[in-house]
Amino acid sequence: MLRARRWSTRLFNLQRQGRMGTTAPIDGEEAAVVGSAAAMDPAVDWAVPQYREPVGLSRFGDRVLLHTILYHLGHPDAGAYPPDIHVFPTQISIAAQIPHAVGLAWGLRLRGEPGAVLCYFGDGATSEGDFYEAANLAGVVRAPVILLCVNNSWAISTPVRLQTAAGSIADKAAAAGIPGVRVDGNDVVAVREATAAARRRALAGEGPTLIEAVTYRMGPHTTADDPTRYVPPEELAAWAERDPIARLGTRLEQAGLWDDDRQRAAEEDADRRFDAAFDAAQATPLRDDVFIDTAYASPTPQLERQRRLLHDERSRGAG
Amino acid sequence: MATMTMLEAVRHTLHEEMARDERVMVLGQDVGTLGGVFRATEGLRDRFGAERVVDTPLSEGAIVGASLGLAWAGMVPVAEIQFLGFTHQAFHQVAGQLARIRARSGGRHGCQATLRAPFGGGVRAPELHSDSLEAQFAQCAGLKIAAPASAADAKGLLTAAIRDPDPVLVLEPLRGYRAIKDDVPEGEHIVPFGRAREVRGGDDCVIIAWSAMVQTCLRAALEVEEESGASIGVLDLRTLVPLDVEAIVAAAERTGRVVVAQEAPPTAGFASEVVATVQEEAFYALEAPIARVSGFDTPYPPAMLEERWVPDVSRVAAAVRRTLEARA
């Protein structure tokens with residue numbers, strides 16, 4: 001959690017320095033993301049994220065940070081996870097990844113493979129057709145998928161009360177005939193336990209679970225947003241009191257497992273890891289017409305013509 | 001060889017591919033117990049079981065979107081969308097997801113999925129059952145599009161589609177399902193993508209088309225040839241993406257006169273892409289302006305009007321006569 005926030009902050013600062021593209025800070029949502037990922041086995045399970053979560057998915061491999069940095073740099077290799085990293089490429093279109101996660105989980109079952117799939121999306125995503133269609137299909141085919149809604153109370157400037165008249169996001173599970181669970185999304189242990197229980201169900205062939213992790217987006221939607229135009233300061237202050245990292249820190253301190261020295265050492269370690277990943281990202285080669293080679297398994301004759309034309313125009317343009 | 005309708009060829013191919021590769025599965029509305037609303041999937045469920053031949057909820061977006069996930073899990077999904085007009089409700093998953101996932105993953109992981117959809121007019125169907133939307137999909141880079149015009153090609157192109165590592169939309173002509181009947185090779189029959197078929201040779205003019213319009217164009221070619229003695233060729237594109245530019249250019253250079261026929265509305269239809277290709281690659285061989293024959297820039301009309309709307313033999317023949325008479 002500490003790493004996720006630290007890395008998210010580093011990405012934010014780099015964006016402000018003009019060295020990084022748009023980023024979506026994770027502040028406040030670390031327990032929901034890191035806690036759920038902690039319940040998964042990265043050797044067999046998969047994570048299918050939206051766009052805010054990848055910085056918190058190191059559970060699925062150290063390389064996830066490198067790919068997250070590549071993503072925000074706008075590098076085309078961002079989604080090129082090696083086969084042993086079971087993470088889907090970052091999804092921008094809201095809720096579009098939910099049917100993918102259901103299909104993936106269903107396919108793993110059909111292939112006789114042991115994994116479950118953890119799919120992330122926000123409260124706004126539960127207003128999309130893809131959410132309902134995918135949850136419904138998951139229930140029918142008993143896909144081993146965990147639909148994890150990180151309800152951070154905001155979809156850019158739209159509060160969750162304007163997203164739905166439903167009593168809760170978890171209530172929406174009823175329409176798909178699957179269990180809906182509501183959990184304190186700022187309590188990392190509670191999130192992990194709820195996810196672990198959903199994973200046991202999935203692997204036992206009992207089908208999908210919808211988990212609503214109730215939390216709060218403590219930062220802006222993205223680096224391009226100005227939340228002071230719509231977030232009530234007193235509401236933000238109340239949620240800051242429930243900061244998931246501070247809460248865990250207090251519990252660990254009371255148990256004698258955490259202190260300032262360990263905090264400092266953990267932050268330094270997070271920075272070292274980020275610096276190394278950032279260096280690796282900047283050193284990742286970029287072929288200038290790679291887009292022609294990655295649209296299809298092999299370029300169509302039309303694309304090869306377009307490549308020749310591009311090279312010809314470049315050489316003539318350079319005159 | 002066995003003589004089959006296009007529909008029988010599609011069904012036969014699905015049986016063969018499912019028998020050949022246990023990863024191949026069929027999913028869609030009513031494809032299982034019923035065997036599909038046109039019976040294209042008849043017998044599959046009894047032979048291969050309900051796990052691999054799946055009656056899904058009525059949910060085009062989830063059928064297409066789940067196909068991406070199934071493909072990433074190592075299955076080879078063949079999804080049926082009952083009518084191409086209903087892909088509007090899955091277009092975000094086709095255009096925004098299946099087509100782009102290989103590029104999004106930096107080329108690492110594609111989506112070996114086939115979407116089959118009947119389309120086109122001529123069977124007096126209700127609204128949204130007859131629309132020719134191929135140009136909308138041709139803009140979805142990463143997706144391939146096959147549009148067979150014969151039963152033999154229905155087998156050869158569908159086989160190629162199922163085995164293709166990229167997502168493929170296979171357009172099956174509604175009015176050709178039972179009306180088009182020809183000899184289909186037995187055993188493995190693959191028609192590689194991007195190779196047009198010369199339906200008939202001709203030195204004075206070539207008509208370029210795909211899917212059910214090929215039959216219309218063939219009749220128009222025979223009619224004009226008989227009355228004028230001019231030699232009229234017909235070129236069937238077979239796949240729109242990839243496009244056989246070489247065959248188009250060769251036909252244009254040989255004849256100097258080109259007619260492109262499609263059912264879709266004219267504005268920004270795929271015929272316009274063919275016209276632009278001829279203009280770019282064979283301009284100096286042209287002896288007449290290139291003619292387009294299309295539907296109209298209107299929504300596809302109700303059944304009582306469709307004979308006026310869908311280009312017929314007389315409209316194509318008129319365009320050929322106009323092209324033959326023109327002097328550059």
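Bear in mind that the values here come from a model prediction, so they are computed numbers and not experimental data.
- Using a 4.5 Å cut-off between heavy atoms, A:Tyr132 makes no contact with chain B at all.
- Residue with the most contacts toward chain A among B:Gly142, B:Gly107, B:Ala103, B:Ser67: B:Gly142 (heavy-atom pairs, distance under 4.5 Å).
- Residue A:Asp293: no heavy atom, backbone or side chain, is found under 4.5 Å from chain B.
- The part of A:Val140 that comes within reach of chain B is its side chain, from C-beta onward, which places non-hydrogen atoms under 4.5 angstrom from that chain.
- Here the CG atom belonging to B:Leu243 is positioned 13.5 Å from the CZ atom belonging to B:Phe193, to the nearest 0.5 angstrom.
- B:Gln112 does not touch chain A: none of its heavy atoms, backbone or side chain, sits under 4.5 Å away.
- Using a 4.5 Å cut-off between heavy atoms, B:Glu51 touches chain A through backbone and side chain atoms alike.
- Looking at B:His109, its side chain never comes within 3.5 Å of a backbone N or O of A:Ala80 through a donor-acceptor pair.
- Of the listed residues (A:Ala78, A:Pro89, A:Pro82), the one with the most heavy-atom contacts under 4.5 Å to chain B is A:Pro89.
- Classified by interplanar angle (parallel below 30°, tilted 30° to 60°, perpendicular above 60°), the ring pair A:Trp46/B:Trp72 is perpendicular.
- Residue A:Cys149 comes nearest to A:Thr126 through the heavy atom pair SG-CG2, 4.0 Å, listed as atom of the first residue, atom of the second, then distance.
- Checked against the 6.0 Å centroid threshold, B:Phe137 and B:Phe91 count as a close aromatic pair.
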